[in-house]
Structures are given as C-alpha cells and as structure tokens.
Amino acid sequence: MSPLTSTPLVLVDMDGVLVDLEAAFWDAFETAHPAGPRRTDGDRTVFRIDEQLDPQWRDAVRSIMAAPGFFGGLRPVPGAVEALDEMLDEGWDVRICTAPLLHNPTCASDKLASLARHFGQRWAERAVITKDKTLVRGDVLIDDKPVVNGDWTPVWKHVVFAATYNQAAPSPYRMTGWASWRQTLTPLLGRTAA
Ligand SMILES: Cc1cn([C@H]2C[C@H](O)[C@@H](COP(=O)(O)O)O2)c(=O)[nH]c1=O
Ligand SMILES: [Mg+2]
C-alpha cells in the first residue's frame with residue numbers, strides 16, 4: 001500500500017497483457033516472409049519469439065520488432081480497455097509498467113501514443129517505461145513474462161498474465177484474462193476496490 005493512503009498500487013505490463021504483440025508480429029512477419037514459419041505452426045512455449053523459431057529466422061524477427069512504428073500498431077487485448085478504466089474508476093491506483101525495446105528507435109514514444117489512442121490520454125500519463133521493473137514500487141505487477149527480474153528485489157507480487165509461454169512461471173499468482181481481474185486481485189490486495 002502507498003505510505004500516504006491505503007490505496008493499493010497495481011502495475012500493469014503492456015506487451016502481451018494490454019496489447020497484442022503476438023498478433024501484430026505475425027501479421028508483419030507472414031507478410032514479409034510468405035514462405036517462412038506461420039503463427040499456426042504451434043503455440044509459443046518460450047517468452048521470446050526469436051528463441052521459439054529456427055535460428056535462421058532470428059534476424060528477420062529482430063528486424064520486424066525493430067521497425068519504427070511497430071509498437072504503435074499493436075491492438076488492445078480483449079477486455080483490457082474496460083478493465084483498466086474499471087480499476088481506476090473504482091478506486092485502485094493503477095500504473096502502466098512497460099519495458100522499451102531499445103533497438104527500436106520509436107518504441108517508447110509509440111507505446112505512449114498507443115496508450116493515448118486506445119486507452120485514453122490519462123493512461124499515457126500513468127505510464128512508467130523502464131528496462132528494470134524491480135525499481136518500480138507497487139503491490140502487484142500483472143505481467144506475462146514468466147520471470148520479471150532486475151537489479152533489485154521487487155516489492156510487488158508478480159501476477160502472471162496467463163499465456164502458453166508462461167505456464168511454468170514460478171509465481172503462484174495467475175490471471176487468466178481481463179474478465180477475472182477482480183477475482184484475482186481482491187484476495188491479494190486485501191479489499192475490494194473502493
Ligand atoms: C515477446 C517479445 C518481446 N520482446 C520485447 C518487447 C518489449 O520491449 C519487451 C516486453 O515489453 P513489456 O511491455 O514489458 O511486455 O520485450 C522482444 O524483444 N522479443 C519478443 O519476442
Ligand atoms: Mg509483456
């Protein structure tokens with residue numbers, strides 16, 4: 001809880017949680033490489049797409065993700081817009097906590113523009129963009145990465161936003177989608193939203 005209020009502070013990741021990186025990636029990849037691997041070849045079992053595919057495709061994956069504008073084209077995950085607004089309007093303090101891809105020159109600015117466009121300007125103003133999420137205080141971090149680590153011991157609990165590639169995540173806290181945010185967060189934060 002915040003030292004000044006009892007309002008729980010919820011941190012929410014972007015890629016794979018609020019916006020659909022996987023769909024945007026495969027749309028671009030399949031267009032650029034029509035004879036290459038397809039999204040339908042199988043579910044992702046590791047966090048990084050380049051590590052899922054044969055090594056011959058790694059540069060191609062990197063080049064799609066490094067393209068200026070790529071992160072501005074990601075579409076919201078179903079239910080995400082409504083859930084964020086509900087959490088904030090009902091009394092949680094909610095911040096976006098997202099990592100930039102440093103070799104994409106417009107990644108950080110595209111993420112802010114995407115938040116404003118799809119979620120509303122107030123969400124762009126609530127964004128924290130950092131390579132190290134352990135530096136950010138909060139009660140929970142909702143994130144699809146199986147392990148979110150950094151230079152510090154985090155103060156938040158990691159709520160794993162469920163995906164095929166994080167089924168073995170060590171955190172005991174798991175959210176299966178935005179429809180269940182209340183059931184997942186309320187027991188963790190000790191009270192319902194105000
Ligand atoms: C799936 C995937 C992700 N990344 C990068 C893209 C972003 O910079 C981060 C994830 O950001 P988040 O908002 O903290 O989710 O990881 C990547 O480089 N390769 C991938 O396959
Ligand atoms: Mg993510």
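Residue numbers run from 1 in the order of the sequence given. Counting starts at 1 for both ligands and their atoms, in listed order.
In this structure, Pro100 counts as a contact residue of ligand 1, since one of its heavy atoms falls inside 4.0 Å of the ligand.
Atoms of ligand 1 lying under 4.0 Å from any heavy atom of Thr98, numbered from 1 in the order shown and given with element: 12 (P), 13 (O). Listed by number with element, the atoms of ligand 1 under 4.0 Å from a non-hydrogen atom of Ile49 are 20 (C), 21 (O). For ligand 1, the atoms lying closer than 4.0 Å to a non-hydrogen atom of Leu21 are 1 (C). Near Phe47, meaning under 4.0 Å from one of its heavy atoms, ligand 1 places the atoms 1 (C), 21 (O). Atom numbering of ligand 1 starts at 1 in the shown order; those under 4.0 Å from a heavy atom of Lys111 are 11 (O), 13 (O).
Of the N or O atoms in Asp50, none lie within a sub-3.5 Å distance of an N or O in ligand 1. For Arg48, no nitrogen or oxygen atom sits less than 3.5 Å from a nitrogen or oxygen atom of ligand 1, counting backbone and side chain alike. On a distance-only criterion, Cys107 and ligand 1 share no N/O pair closer than 3.5 Å. Checked against a 3.5 angstrom limit, the closest N/O atoms of Leu101 and ligand 1 fall inside it.
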**salt bridge (Lys or Arg N to Asp or Glu O under 4.0 Å) assessment of Asp27 paired with Arg75** = CA-CA 12 Å; Asp27 283 351; Arg75 308 285 306 171; over 6 Å; no

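Aromatic ring orientation, Phe161 versus Trp178: tilted (interplanar angle from 30° to 60°).
With hydrogens left out, the protein atom closest to atom 20 (C) of ligand 1 is Met65 CE, 3.6 Å, a heavy atom. Annotation: atom 15 (O) of ligand 1 to nearest protein heavy atom, Asp13 OD1, 2.7 Å. Ranking protein heavy atoms by distance to atom 7 (C) of ligand 1, first place goes to Asp15 OD2, 3.4 Å.
Rounding to 10°, one obtains 90° for the angle at the Mg ion (ligand 2) between O (Asp15) and OD1 (Asp144).
Aromatic ring centres of Trp123 and His118: separated by at least 6.0 Å.
For Asp13, the N/O/S atom at the shortest distance from the Mg ion (ligand 2) is named OD2.
The only option from Thr45, Asp43, Asp144 that meets the side chain to side chain donor-acceptor pair (under 3.5 Å) definition with Tyr165 turns out to be Asp144.
Using a 4.5 Å heavy-atom cutoff, the side chains of Val19 and Leu21 are not in contact. Side-chain atoms of Val136 and Leu11, non-hydrogen and from C-beta on, do get closer than 4.5 Å to each other.
In the candidate list Lys133, Met14, Arg44, Lys133 is nearest to atom 14 (O) of ligand 1, counting heavy atoms.
For the residue pair Asp110 and Thr106, a side-chain donor N or O sits within less than 3.5 Å of a side-chain acceptor on the partner. Side-chain N/O atoms of Glu86 and Trp181 include a donor and acceptor closer than 3.5 Å. Neither side chain, Asp132 nor Thr130, offers a donor N or O lying under 3.5 Å from an acceptor on the other.
Closest heavy-atom contact between Asn104 and Pro68: OD1-CA, 4.1 Å.
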